[in-house]
**Student:** 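One structure, as structure tokens, below. Some questions next.
To find a chain, count down the sequence lines: A is the first, B the second, and so on, and within it residues start at 1.
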2 protein chains.
Amino acid sequence: MNYDEPFGCSVTVTLKVIGGRWKPIILFNLLENEKCRFNALKRMINGITQRMLTMQLKELVDDGVISREVLEVVPPHVEYSLTEYGKTLTPLLLQMRDWGAYHAQRSEAAAAD
Amino acid sequence: MNYDEPFGCSVTVTLKVIGGRWKPIILFNLLENEKCRFNALKRMINGITQRMLTMQLKELVDDGVISREVLEVVPPHVEYSLTEYGKTLTPLLLQMRDWGAYHAQRSEAAAAD
DNA sequence: CATTGCAGTATAAAAAATGATACTACATTA
DNA sequence: TAATGTAGTATCATTTTTTATACTGCAATG
């Protein structure tokens, strides 16, 4: 998501933060699991590569919606979780999930003709 | 948006329909203006090319969220509008706009240090 | 002693999204 | 008669996103 909003469209701002193929899924897992370590997320999110997970997590951290805590053990553990700010996305994420479920159901029904 | 949802994530389904750089803006204009003709949309949406507008409109029509009506005059007029189904996106679009506005304000405040 | 798990990085390539430009046919306007 | 507006299409180029693959160092496990 590298686009600057054409005329200050707030929707586009939102997409810049949580748009893209993986971010919503990452945020969802953090919504459901509170804290997740890197490899735990990788296992949960089917098909994501390490590189993509790393990149998306970094962007989410930079945007302040998730936090990254390093536990100083050997080997190091890293825990990701939603920040308080990130939690303001909860209703939006739930609504996106609900509309998606609604749409998927409708598409399925249409395909059953 | 060409990705199939990794594990049936509903949020990803939603992104498939309304994700991308232009779709939310197109939908917003149709939310605010009821009916829009092709060139009217092009003028409203700063920076979009004819090609992108054509493509995004076609996808939105295919997904059933907007309708395309051709008025048989010369030269032909084409009117786009949200379908009843598309209107079910209204609360989601408004929430995306609201969170984006909230986030933009926060970013601005942070930049003012 | 070899493998596995930890949390990544580096490099290169492929795929997808987006953009730029020119073009269509017809009718009205200047 | 030339320019403008209608709603696009066609072709090519560029940018962005995503993937694939190999690699790091350290510790515990088998």
Side-chain angles (χ1 to χ4, degrees), chain A residues 1-7 9 11-12 15-26 29-30 33 35-63 66-81, chain B residues 1-7 9 11-12 15-26 29-30 33 35-63 66-81:
Chain A
M1 299 285 126
N2 188 31
Y3 39 86
D4 299 317
E5 339 92 61
F7 59 112
C9 173
V11 182
T12 311
L15 260 336
K16 246 167 61 176
V17 178
I18 66 162
R21 172 161 183 179
W22 302 111
K23 282 178 184 172
I25 307 180
I26 293 170
N29 277 283
L30 294 176
N33 295 301
K35 278 179 187 298
C36 287
R37 281 164 53 185
F38 184 85
N39 278 334
L41 280 170
K42 190 156 73 80
R43 276 189 297 267
M44 286 168 187
I45 301 173
N46 209 290
I48 198 169
T49 58
Q50 276 182 321
R51 179 176 145 85
M52 284 311 291
L53 184 53
T54 303
M55 287 173 56
Q56 304 303 303
L57 286 170
K58 196 172 293 175
E59 289 183 14
L60 289 169
V61 169
D62 288 347
D63 282 324
I66 69 173
S67 70
R68 179 180 185 273
E69 290 173 77
V70 180
L71 306 183
E72 295 292 354
V73 293
V74 182
H77 286 190
V78 179
E79 282 184 345
Y80 292 94
S81 56
Chain B
M1 298 284 128
N2 188 30
Y3 40 86
D4 299 318
E5 340 91 62
F7 60 111
C9 173
V11 181
T12 311
L15 260 335
K16 244 167 62 175
V17 178
I18 66 164
R21 173 160 183 179
W22 301 111
K23 283 178 183 172
I25 307 179
I26 293 171
N29 277 282
L30 293 176
N33 295 301
K35 277 179 186 298
C36 285
R37 282 166 52 187
F38 184 85
N39 279 333
L41 281 170
K42 189 157 74 81
R43 277 189 296 266
M44 285 168 188
I45 301 173
N46 209 290
I48 198 169
T49 58
Q50 276 181 320
R51 178 179 143 84
M52 284 312 291
L53 184 53
T54 303
M55 288 173 55
Q56 304 303 300
L57 285 170
K58 196 172 293 174
E59 289 183 13
L60 290 169
V61 169
D62 287 348
D63 282 324
I66 69 173
S67 70
R68 178 179 185 274
E69 289 174 78
V70 180
L71 306 182
E72 295 293 353
V73 294
V74 182
H77 287 189
V78 179
E79 282 185 346
Y80 292 93
S81 57

**Student:** Identify the two heavy atoms, one from B:Gly19 and one from B:Lys23, that lie closest to each other, and give their separation to 0.1 Å.
**Tutor:**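 Reported closest heavy-atom pair: O-CD, 3.5 Å.
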
**Student:** With sequence neighbours left out, what residues match A:Arg37 under side chain to side chain donor-acceptor pair (under 3.5 Å)?
**Tutor:**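 Listed in chain order: A:His77.
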
**Student:** Can you see which heavy atom on B:Leu15 is nearest to which on A:Pro24, and at what distance?
**Tutor:**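 Distance-wise, the nearest heavy atoms are CD2-CG, 3.3 Å.
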
**Student:** If only side-chain N and O atoms of B:Asn39 are considered, is one of them under 4.0 Å from the OP1 or OP2 phosphate oxygen of D:dG5?
**Tutor:**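 It does not, given that no N or O in the side chain of B:Asn39 lies less than 4.0 Å from OP1 or OP2 of D:dG5.
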
**Student:** To the nearest angstrom, how far is B:Phe38 atom CZ from C:dT24 atom P?
**Tutor:**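 About 18 Å, once rounded to whole Å.
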
**Student:** A:Leu41 has an atom CG; how far is it from atom C1' of C:dG5, in whole Å?
**Tutor:**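 So the two atoms are 16 Å apart, to the nearest Å.
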
**Student:** A:Glu72 has an atom CD; how far is it from atom P of C:dC6, in whole Å?
**Tutor:**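 Between P of C:dC6 and CD of A:Glu72: 17 Å.
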
**Student:** Quick check for you: to the nearest 0.5 Å, what is the distance between A:Trp22 atom CH2 and A:Met55 atom CE?
**Tutor:**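 Rounded to the nearest 0.5 Å, the CH2-CE separation comes out at 12.5 Å.
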
**Student:** Return the value, rounded to whole Å, for the distance between atom CZ of B:Arg37 and atom P of D:dG8.
**Tutor:**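 Rounded to the whole Å, the gap is 11 Å.
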
**Student:** What residues, two or more places apart in sequence or in another chain, satisfy side chain to side chain contact (heavy atoms under 4.5 Å, CB included) together with A:Glu69?
**Tutor:**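 Checked A:Glu69 against side chain to side chain contact (heavy atoms under 4.5 Å, CB included); matches are A:Lys35, A:Ser67, A:Ser81.
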
**Student:** Do the non-hydrogen side-chain atoms of B:Cys36 and B:Glu79 ever get within less than 4.5 Å of each other?
**Tutor:**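 With C-beta onward as the side chain, the pair stays apart.
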
**Student:** Distance from B:Leu41 atom CG to B:Asn33 atom CG, nearest 0.5 Å?
**Tutor:**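 Reported value, rounded in 0.5 Å steps: 8.0 Å.
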
**Student:** With sequence neighbours left out, what residues match A:Arg68 under side chain to side chain contact (heavy atoms under 4.5 Å, CB included)?
**Tutor:**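 A:Arg68 satisfies side chain to side chain contact (heavy atoms under 4.5 Å, CB included) with A:Val61, A:Val70, A:Val78, A:Tyr80 only.
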
**Student:** Between N or O atoms, less than 3.5 Å apart, protein on one side and nucleotides 27-30 of chain D on the other: list the pairs.
**Tutor:**
none

**Student:** Can you list, in residue-number order, the parts of residues 49-58 of chain A that come under 4.0 Å of DNA chain C, counting heavy atoms only?
**Tutor:**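 Under 4.0 Å from DNA chain C: A:Gln50, A:Arg51, A:Thr54, A:Lys58.
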
**Student:** Quickly work out the B:Lys42 NZ to C:dA20 P distance and round it to whole Å.
**Tutor:**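 So the two atoms are 13 Å apart, to the nearest Å.
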
**Student:** D:dT6, OP1 or OP2 - any side-chain N/O from B:Arg43 closer than 4.0 Å?
**Tutor:**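 Answer yes for this pair, as a side-chain N or O of B:Arg43 is under 4.0 Å from OP1 or OP2.
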
**Student:** Atom CZ of B:Arg68 to atom C1' of D:dT6: distance rounded to whole Å?
**Tutor:**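 Taking atom C1' of D:dT6 as the reference, CZ of B:Arg68 is at 12 Å.
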
**Student:** Please determine whether a side-chain nitrogen or oxygen atom of B:Arg21 lies at a distance below 4.0 Å from atom OP1 or OP2 of C:dG19.
**Tutor:**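 For C:dG19, OP1 or OP2 has a side-chain N or O of B:Arg21 closer than 4.0 Å.
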
**Student:** How many Å lie between CH2 on B:Trp22 and P on D:dT16, as a whole number?
**Tutor:**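 It works out to 13 Å between those atoms.
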
**Student:** In this structure, how many angstroms lie between the P atom of C:dC6 and the NE2 atom of A:His77, rounded?
**Tutor:**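 Taking atom P of C:dC6 as the reference, NE2 of A:His77 is at 7 Å.
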
**Student:** Side-chain contact test, heavy atoms from C-beta onward, threshold under 4.5 Å: evaluate it for A:Arg51 versus A:Thr54 and give yes or no.
**Tutor:**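 They are not in side-chain contact.
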
